[in-house]
Amino acid sequence: MKPYRLLLMGILVLVFAISSCRKNLKQDLALSLNSVNELSSRQSVNQIAGSNANAYSVTLIGPTQNGDNWDWVWAVKNNRPGNGSDGTVQDMSHWGMNLGFCLDSNTMVSAAYSGDGVHWTSFTPTLAVDPSSCVTTPVLKFDFGTTGSNTSYYRLTVNQDFGGGLVCGYYKSGRKTGCSVFYFEGISCGVEE
């Protein structure tokens, strides 16, 4: 029980630190606390506090300007591919991210995923609760995962030049390694004036 309390406290401190410079602190903290509460009610302590926190590396390749828009691209790789036993992690089936208050259907232009970073499958990005995930807040879901140690690529195109920062995401994998919340470099809304 003690590792669970330490993890919960660490998540709360991290959420507070990330959100402290934003005017929407109460809303962001409430959404994050709801996600943590839902996560703890759906998963066992071993899944939450287990060794899956860094199961996948999520690398921001960068926002690049593309005409009047900006393409945010992430590369995701399974660091310990396997069947979920002996420290390995099953393939990710999908992942998603919480987006800040400044991103909505008016700022998101398109989204896509790729198995090679060259050939992309586009979809219309939406914010919705993913009932198969371990969070209860609306997320942008990339319904594409990883295969073994191959890198998968994900792109979100927005029509404004946003800054970067730590954001909350989740991954969903097989039955043994399940669902987990993590932080990665993503789109930050910054401070409202």
Side-chain angles (χ1 to χ4, degrees), residues 1-15 18 31-61 72-99 111-117 119-121 123 125-156 166-187:
M1 193 66 167
K2 190 172 183 177
Y4 168 71
R5 287 183 186 162
L6 291 174
L7 177 66
L8 183 59
M9 180 59 86
I11 290 172
L12 291 175
V13 168
L14 187 58
V15 167
I18 291 169
L31 291 174
S32 295
L33 286 173
N34 286 340
S35 294
V36 169
N37 289 337
E38 180 66 17
L39 174 65
S40 63
S41 68
R42 284 191 184 183
Q43 293 188 313
S44 71
V45 173
N46 289 338
Q47 287 174 311
I48 295 170
S51 61
N52 295 338
N54 296 319
Y56 305 95
S57 60
V58 179
T59 305
L60 177 63
I61 295 176
W72 287 74
V73 179
W74 294 270
V76 179
K77 183 176 181 177
N78 186 339
N79 295 323
R80 300 183 311 268
N83 65 3
S85 299
D86 300 321
T88 65
V89 180
Q90 294 170 288
D91 287 338
M92 179 176 69
S93 66
H94 64 274
W95 75 295
M97 63 183 79
N98 290 4
L99 295 175
Y113 53 83
S114 171
D116 60 10
H119 303 93
W120 293 88
T121 300
F123 67 95
T126 59
L127 296 176
V129 174
D130 176 4
S132 70
S133 78
C134 47
V135 297
T136 59
T137 56
V139 294
L140 169 63
K141 177 181 176 182
F142 288 98
D143 205 3
F144 182 75
T146 59
T147 304
S149 61
N150 296 331
T151 302
S152 296
Y153 299 88
Y154 305 87
R155 180 176 65 209
L156 175 62
L166 281 181
V167 296
C168 182
Y170 72 95
Y171 71 79
K172 182 78 167 74
S173 61
R175 285 185 171 205
K176 287 184 180 179
T177 50
C179 185
S180 187
V181 175
F182 65 95
Y183 288 91
F184 66 101
E185 187 71 22
I187 300 174

Task: Point-to-point distance, once rounded to the nearest 0.5 Å, from NZ of K77 to OH of Y153 - done: 9.0 Å
Task: Residue pair S180 / C134: nearest heavy atoms and the distance that separates them - done: N-SG, 3.5 Å
Open item on the list: Would you compute the distance between atom OH of Y154 and atom CG of D143 and round it to the nearest 0.5 angstrom?
Closed with: 9.5 Å
Open item on the list: Tell me if a side-chain donor or acceptor on T146 pairs with a main-chain N or O of M92 at a distance below 3.5 Å.
Closed with: yes
Task: K141 versus Y170, closest heavy-atom pair with distance - done: CG-OH, 3.9 Å
Task: Expected output: side-chain W72 to main-chain L60 donor-acceptor under 3.5 Å - done: no
Task: Minimum-distance pair of heavy atoms, taken over all atoms of P125 and L140 - done: CB-CD1, 3.6 Å
Open item on the list: For T151 versus A75, what's the shortest heavy-atom pair and its separation?
Closed with: CG2-CB, 3.7 Å
Task: Over all atoms of both residues, closest heavy-atom pair of N83 and T88 - done: N-OG1, 3.4 Å
TODO: Would you give the length of the straight line joining atom CH2 of W74 to atom OG1 of T59, rounded to the nearest 0.5 angstrom?
DONE: 12.0 Å
Task: OH-CZ distance between Y56 and R80, expressed to the nearest 0.5 angstrom - done: 9.0 Å
Task: Backbone N/O of D116 and side chain of S114: donor-acceptor pair under 3.5 Å - done: yes
Task: Side-chain heavy atoms of F184 within contact of V167, under 4.5 Å - done: yes
Task: Main-chain N/O of G178 paired to S173 side chain as donor or acceptor, under 3.5 Å - done: yes
Task: Under 3.5 Å: donor-acceptor pair, side chain of S93, backbone of G145 - done: no
Open item on the list: If the condition is side chain to side chain contact (heavy atoms under 4.5 Å, CB included), which residues does A112 pass it with, not counting sequence neighbours?
Closed with: W120, S122, R155
Open item on the list: Tell me if the aromatic rings of W95 and F142 count as close, with their centers under 6.0 Å from one another.
Closed with: yes
Open item on the list: Using a 3.5 Å distance criterion without hydrogens, assess whether the side chain of N78 forms a donor-acceptor pair with backbone atoms of V89.
Closed with: yes
- [ ] Mind checking the CD1-CG spacing from I187 to L156? Nearest 0.5 Å is all I need.
- [x] 4.5 Å
- [ ] Return the minimal non-hydrogen interatomic distance between D91 and G148, and the atom names on each side.
- [x] OD1-N, 2.8 Å
Task: Backbone of F182 reached by a side-chain donor or acceptor of Y171 within 3.5 Å - done: no
Open item on the list: Does either side chain, that of S132 or that of D130, offer a donor lying less than 3.5 Å from an acceptor on the other one?
Closed with: yes
